[in-house]
Amino acid sequence: MRDHIVQLTYVIASVLFILGLRSLTHPDKARRGMQFAALGMLVAVCGTLVNHDIVDYRWIISGLILGTLIGYPLGMWVPTTALPQRIAMSLSFGALAATLVGVSEYYNAFHGGGGDIETAKMMALGFEVLLGSLTVTGALMAFGKLQELLPSQPITYRGQNLVNAVLFLGAVGLLVTVVVNPAAAYAFYGMMGIAALLGVLMVIPIGGADMPVVVALLNSYCGLAAAATGFALGNSILIICGALDGASGFLLSIAMSKAMNRSFSNVLFGAFGGGPATAAIATSGAPVRSISAEDAGMLLAYAQRVIIIPGYGMAVAQAQHTVRELAEQIEKRGGEVKYAIHPVAGRMPGHMNVLLAEANVPYDRLYDMDEINGEFPQTDVALVIGANDVVNPAARSDPASPIYGMPILDADKAKHVIVLKRGMAAGFAGIENALFNAASTSMLFGDAKASLVKLVSEVKNA
Amino acid sequence: MRDHIVQLTYVIASVLFILGLRSLTHPDKARRGMQFAALGMLVAVCGTLVNHDIVDYRWIISGLILGTLIGYPLGMWVPTTALPQRIAMSLSFGALAATLVGVSEYYNAFHGGGGDIETAKMMALGFEVLLGSLTVTGALMAFGKLQELLPSQPITYRGQNLVNAVLFLGAVGLLVTVVVNPAAAYAFYGMMGIAALLGVLMVIPIGGADMPVVVALLNSYCGLAAAATGFALGNSILIICGALDGASGFLLSIAMSKAMNRSFSNVLFGAFGGGPATAAIATSGAPVRSISAEDAGMLLAYAQRVIIIPGYGMAVAQAQHTVRELAEQIEKRGGEVKYAIHPVAGRMPGHMNVLLAEANVPYDRLYDMDEINGEFPQTDVALVIGANDVVNPAARSDPASPIYGMPILDADKAKHVIVLKRGMAAGFAGIENALFNAASTSMLFGDAKASLVKLVSEVKNA
Amino acid sequence: MMILELYIFVLAAFVGFMVITKVPPLLHTPLMSATNAISGISLVGSLVAAGGKHGQVATILGFVAVVCATANIVGGFLITDRMLKMFKRDVPASHAASKQ
Amino acid sequence: MMILELYIFVLAAFVGFMVITKVPPLLHTPLMSATNAISGISLVGSLVAAGGKHGQVATILGFVAVVCATANIVGGFLITDRMLKMFKRDVPASHAASKQ
Amino acid sequence: MRLAVPLESIPGEDRVALTPDSVARLVKAGHEIRLQAGAGVRAGFSDSAFAHAGASVVEAPSLYEGVALVCRVQPPSPGEIPLLPEGIAVLAMFAPSRNRPLLELLAARRVTALAMELVPRITRAQSMDVLSSQSTVSGYKAVLLGATALPKFLPMLTTAAGTISPAKVFVIGAGVAGLQAIATARRLGGVVSAFDVRPAAREQVLSLGATFLAAELVSHASETAGGYATAQSDEQAQRTRDALTGHLKDIDLVITTAAIPGRDAPRLITAEMVSGMKAGSVIVDLAAESGGNCELTRPGETVHANGVAIIGPLNVPATIPFHASQMYGKNVLALVTHLSRDGALVIDATDEITGPMTVVRDGHVTTS
Amino acid sequence: MRLAVPLESIPGEDRVALTPDSVARLVKAGHEIRLQAGAGVRAGFSDSAFAHAGASVVEAPSLYEGVALVCRVQPPSPGEIPLLPEGIAVLAMFAPSRNRPLLELLAARRVTALAMELVPRITRAQSMDVLSSQSTVSGYKAVLLGATALPKFLPMLTTAAGTISPAKVFVIGAGVAGLQAIATARRLGGVVSAFDVRPAAREQVLSLGATFLAAELVSHASETAGGYATAQSDEQAQRTRDALTGHLKDIDLVITTAAIPGRDAPRLITAEMVSGMKAGSVIVDLAAESGGNCELTRPGETVHANGVAIIGPLNVPATIPFHASQMYGKNVLALVTHLSRDGALVIDATDEITGPMTVVRDGHVTTS
Ligand SMILES: NC(=O)c1ccc[n+]([C@@H]2O[C@H](COP(=O)([O-])OP(=O)(O)OC[C@H]3O[C@@H](n4cnc5c(N)ncnc54)[C@H](OP(=O)(O)O)[C@@H]3O)[C@@H](O)[C@H]2O)c1
Ligand SMILES: NC(=O)c1ccc[n+]([C@@H]2O[C@H](COP(=O)([O-])OP(=O)(O)OC[C@H]3O[C@@H](n4cnc5c(N)ncnc54)[C@H](OP(=O)(O)O)[C@@H]3O)[C@@H](O)[C@H]2O)c1
Ligand SMILES: NC(=O)c1ccc[n+]([C@@H]2O[C@H](COP(=O)([O-])OP(=O)(O)OC[C@H]3O[C@@H](n4cnc5c(N)ncnc54)[C@H](O)[C@@H]3O)[C@@H](O)[C@H]2O)c1
Ligand SMILES: NC(=O)c1ccc[n+]([C@@H]2O[C@H](COP(=O)([O-])OP(=O)(O)OC[C@H]3O[C@@H](n4cnc5c(N)ncnc54)[C@H](O)[C@@H]3O)[C@@H](O)[C@H]2O)c1
């Protein structure tokens, strides 16, 4: 009976976890969903506590309390900017837990009174400990790099790949040994040590900016370790959660390297020798942040106030109709959209007016520079569509600039600026634009019409 | 070892089945995907044949050959219009197989030498046989109604619901009995009989037009029966396939009743007393087929040649921009779109021209009535957007009609006609339009703009 | 330990729901016939019944089950394929045509 | 019979892939911290190790594992929640504001 | 049957009753066309183009030889009537309510007169409906005239030299001409509002993206079965005037097209309303021919009052002669096809279309 | 600083150099404005509106009392020059290349003359650029003039009386006026193509949805640093003419705006090309003032040749006086703000903007 209760709580918890992750598809429902997942965790833990095997609750209670005391500040007080390192640290905790469980199982089997251990279980234990200890040290290294306790530059030396390969083969050899002969404790602990070393060596040649990919990948390893634990203990919730983590970590690391315009293997191995710290198409050295249509769409979908700044690029791309569609989609979701028309946007007086009128944008959405400039600080997203000179802050600040003195649209004062352009080419005045390098600016590269088509569907599906 | 091979083939087959069903999300890939699923089936069957328990292959081989001889004509020669009845019949075959396996298991346990049967297994067997035999007769009834061997009208009598409820409770009671006392063979076979009777009684009060919903639901039952078989035999591929079938059948029956504008329970129980045979907003008695935006979108997405016929309704809905978007989406997928402009469409000369020009539809896409009328027979879809009089075939055929003699657009000659309208209201001339009742016509009701917005995203995601 | 089987059932149902909600309505009929064909998997159970050494009755029941299930599978996959064939567009051909 | 567990693993991975491919990139960071928190499920194994009667070593290892896993779970869910809070829009308020 | 197309004699009438493409179709249908030399030149159609289409280009004296039907745009002048053979039929825009004396002359000469503007407005006869086709021209041209006369831009322009706000255009009477004016003014970028008394007009105005003024003034009583407007009651008229007065203060360009068939155009804009308008505004009164919708309108002239220019153009369709003729010709083509049976002209007084448009027949004026 | 705004003396010049809203801004900035009574009336701005904005409305004799800068649209006539106090500065569109004698007169009177059209076309000076602002007006109006004169519709219309095919519009010279003409003609529904010699023009034409003719004729050599065009070589000119000849055969409405600063307008359309055009076509030659892009153009007149009407309008911006003045006024406002330092007029010959535009100074004509 008790066993059935335990199993039932596990089934419930699994379902809640899956539903929780699924809720992340919709930002609106995500929070609720994750709260249910947390509830699922509670259910599973409570279920476990009624387990037959547990006879002594003292260590358990103290462990839970201590863990909570450590976890709470990690969750509540860490600034969101420090998130990646926090995840890395917490990852190493999780992996440590899995590793220790594995070690204790192994230890019990030979010292705690148990006799032998069947092959399949030994294999699972071996995998668990191998992946676990690799993740423990790897995650710690990632943490160090992200927190800048360690130099964030890639550390490389000749023959690095070779050394790693040899170590990896060594660990696998020991794994095979211990599976064949479970009593070979030296092999078990040796494998653990080599894996820990490998964790360190694998991460040091990767630059700080690529760390998030590494963290995601380690997350996947940690999940696989948990799944292995599940196989070893015959515990299906561990298998399910491990599989979920493994799949998600893997997908995430691929998605992230894609977002950085890097191939996955390039992140993991290419950085040997020091790749660029950030993926950037840079002008005159200053870095530029590019953004994907998905992310830009999400930003727009959840923005309250959006100002669209059309420029000559919108005309060249003949994107006026798509601009209106995008505005309609944002408004449908409750956002407010205004158009800021600069007096000399485009190449003829009234250029933007003709095009937007053609696209049926009502006149009362169009705002003069003077009318709208005061609103940028309260604006969530300024969407710059193929405009350049008319939003160049140099006109305000740089007396040496040929456009100094021209009044401009204060797009740079908005909370986020998204710029749609094909590349980093200059506008009519032929000068660089510091707005594109600003911290609040993200560039969505590509033909304005094509980018807008993507944005429309992203906003629609957000 | 042999066992492992069997299991491995099962894992592979499960994955292929899932991928196959998943491929149905994309019409382009669906065929390939289902071929892989069929391959999966072959793999699973071959795997099973190496099973230890099988000692005699004669009956198996003859069974396979005979089954193939029956199945091939069922698959290749049945006209696609007879699909629902074919599925119903094949369903009853599948359910019969599951039921017989259950019976043979039960029989073996007591006669074939086996002694007792454990409770969980008995429960699984009971469910299997209950659901199986209910499906066998239910599917046969559905087949009869669809094939019009039986009257397709609902057959009802007073107290029908009560009788069914009593029978159902009786079957459940016998199930409990046999679970508690597995040796009670009378209960086992009795339950089977009652379930078979219930299958008949449950289907007779449902009208022929609602049969597809019933078939989908029976499909779900059949899946559950297979899953129960899996539980009974400890065979996980049966569980997986059963669960897939159960889920899909259930979702499908709900989706289908929604498409018919009926609630699910209304289909199952409401028809007692005879609901409408087709869900239709009918004029003067003639039936009208309505279509969902999803289906209309799919038709457009896979059409080679589309002709758009705008009318006054497009102007009222101010849908011209969305019309262009839709055309662009269709063209992006390789379809060809033309606009047929009737001389008196709208309410002023050139009404459609002004609006379409505003939406930036190039002039060379607009075709005069005389230019385009010859093309309708080769047209896959004629999309009529808020037009009515200008596509009214009465002008050609009915000398008594006030519009007799007016030349019209021959939309009715296209392979499919989709009409976007808010309801069945008449146009300017105030007369009915037989086009809306034609077999090739489907009505997409709602404001033209709203419908078009849906169509755009359906076509985009198709 | 039927609990593991329960997990499998739940997870498979999940997968089923998630896969099937994304199937467009136009493909609902092929979907129905595809799942119908897949439900012929009970052939796997029937084979054991028909080929096992459990006496005449079981063999006969098993034989009938094999016939039914096989017919189901063969017919189901064939007709699904026929239906899906209609959705395959000869895109290159159409392009060629429109380019003339 | 580890084969059943293999089924569970495969199916769960399927579910994981299907669920996660649909998560928009903006939520990738919350997703990472959420899966990280969920991986704290190894607490379940740790609890047995810490509370079982397997000798001192196992108990200590188990205790450390419980601490780590708990910290992981508590911190992970809390921070995920904090992040997701930022995506909750006060839609009614905005509507009220725009109506003024 | 043999048709004649004379050169229009009224000054400023640049249209021609048939154009080469309609001629070609008629010739193909077995008719014979005699065209007076130079008839189409002012509309942009040379004699050679007609000849090429199959017409015989002839000089005036021999024009009517053997002709059954004369196709004209404007009615013949009194001086031309004696040239018509007796018993011949003439197709033209006779404006019968204003041209009684002329009709008497035609009756005296035993000429059958068919008034193009009396083609009934039934669905079947739409292709013969010259009121629709020529009003389309008027509505379009009225906006061009107004925009040209306006000291302002119509569209909005944001420029380095300040923002130009869009002109406000107001269209009174949303019939065929009014709707076309609305569409044209919207195209040019004006902010357009409109007014009409018929309830159906509101949706039609909105369907062109313009706004409708004072929907509450609309009443079903204002619409006849044929879709025409009826005269307003005094009280209604007063309320209309009040609503217009307020609205006009704000307007830059007014286009008026209000008409009631067979009556003088309703007087909708009084001198007082004009004095309330902004200096520099422009009124284009398309109803000038039937007396004008504005009190100050002088047909054929431009009046300036209080800085407001009131343009009263006459015979507007003739100023776009090429396309106006093309459409008129298509209308005539459709009508001739309707009137000829086995190659002979059949004027059937009981026919749904022919009946109402026959205004002189057998020596009698048949219209009231 | 005190500014004067006289009533323009040239006939047909309905614009005024400042409008009430610019006046109000200047007054707010501490300047004093003296306006000759009636100066704004023809543009639609009453004296009272100016007075309300803070200007002193005065009669001519006292206009220049204590005035540092006179703001005009057109240069003063020779007869008005003696009325100007010595040492005063005058702002106007002097057209220095055509008005040398007048500049000599001003020099003799020791008046400083600032030519508005010589404001350099740098980004910073865009708000003072009258060429841009007034060309915008010309480009728009040219299309209206052309469409009004055309015997055809511009837009396509499918009607019961046949389908009207859209007019083909061709714009030569895609500078400010040309682009505006393209936009306006597209709005009205014409099918627009354009031609220019500057390579940047092509993208700009496409950005308005029109097509570009003969992109191969474009060369980078044709563009100066300031974005103006240079004269074509003879061989280039011949190739251009060949391309145009073929294209023009098909065109209904031609708008020409080609100009080369400081030179006569290039002759792009020869009499022979005109004779190849369709009867009923219209050419609007915006370059009429500087000699015309068409050989047959007679400035200020409409010429008919071979059925083609060639309109050579003069001073087009003055025909939309309200908005043309508003933009001109904004330009003047920006320039005055630039010229005044601590309330005094500062004419700094070394200034990037002031330098090039000072054409008469210290008794000398400083332009070549
Ligand atoms: N309005 C007037 O009357 C007038 C007249 C003459 C000159 N100007 C001058 O023109 C400028 C107008 O400023 P602006 O901000 O509108 O334009 P801008 O400064 O010229 O910048 C336009 C930007 O659009 C981008 N772009 C071009 N095609 C694109 C496409 N298909 N998709 C996406 N982006 C595209 C270009 O960058 P990429 O190439 O990297 O994509 C370019 O940087 C001012 O300097 C003004 O002085 C104005
Ligand atoms: N072109 C001209 O010059 C002119 C002038 C005067 C009269 N007419 C006459 O007008 C008619 C024109 O034919 P037509 O086919 O264009 O129009 P129609 O026959 O008047 O039909 C228009 C249809 O659009 C539907 N509709 C209205 N609003 C809609 C909306 N928001 N969304 C979706 N559907 C909407 C209406 O049905 P629901 O209400 O059911 O939605 C109606 O049946 C002809 O009879 C012609 O003789 C033409
Ligand atoms: N059946 C057909 O095929 C067909 C063809 C063409 C036109 N029509 C219809 O005929 C009707 C009239 O068209 P028309 O342009 O020839 O009409 P019209 O020239 O007689 O009148 C012009 C407009 O002025 C309006 N008007 C009259 N008195 C008014 C007042 N006091 N205030 C404001 N507006 C006033 C009328 O309602 C009308 O809309 C329209 O409804 C049109 O749709 C039908
Ligand atoms: N920097 C600025 O802020 C600014 C402001 C306004 C205009 N501009 C630029 O100045 C340039 C000129 O504008 P504009 O309208 O005053 O020029 P313009 O009036 O001097 O000439 C009009 C057009 O005629 C063209 N042209 C000359 N010779 C030609 C020929 N043989 N064939 C065909 N076309 C010929 C020119 O290229 C020009 O486009 C444009 O590039 C415009 O964008 C710049």
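Predicted model only: the values in this text are computed from it and were never measured. Numbered from 1 within each chain, the chains take letters A, B, ... in sequence-line order.
Chosen from C/Ile41, C/Val66, C/Leu61, C/Leu78, the residue pairing most often with chain B at heavy-atom distances under 4.5 Å is C/Ile41.
In this structure, chain C has no heavy atom under 4.5 Å from any part of B/Ser23. In this structure, chain C has no heavy atom under 4.5 Å from any part of B/Glu105. Looking at B/Leu91, the atoms closer than 4.5 Å to chain C (heavy atoms on both sides) sit in the backbone and in the side chain alike. For a residue to count as touching a neighbouring chain, one of its non-hydrogen atoms must lie under 4.5 Å from one of that chain's; by this rule B/Leu24 touches chain C with backbone and side chain alike. For B/Ile239, the parts sitting under 4.5 Å from any heavy atom of chain C are the backbone and the side chain alike. At a 4.5 Å heavy-atom cutoff, B/Arg58 makes no contact with chain C through either its backbone or its side chain. Heavy atoms closer than 4.5 Å to chain C are found in the side chain of B/Ala227, but not in its backbone. Only the side chain of B/Thr48 comes within contact range of chain C, with at least one heavy atom under 4.5 Å from a heavy atom of that chain.
Two residues are said to be in side-chain contact when any heavy atoms from C-beta on lie closer than 4.5 Å; B/Met34 and C/Asp81 fail this criterion. Using a 4.5 Å cut-off on side-chain heavy atoms (C-beta onward), B/Leu74 and C/Ile79 make no contact.
Exactly one of B/Asp245, B/Val215, B/Leu218, B/Ile87 qualifies for a side-chain contact (heavy atoms from CB on, under 4.5 Å) with C/Asn36. That residue is B/Ile87.
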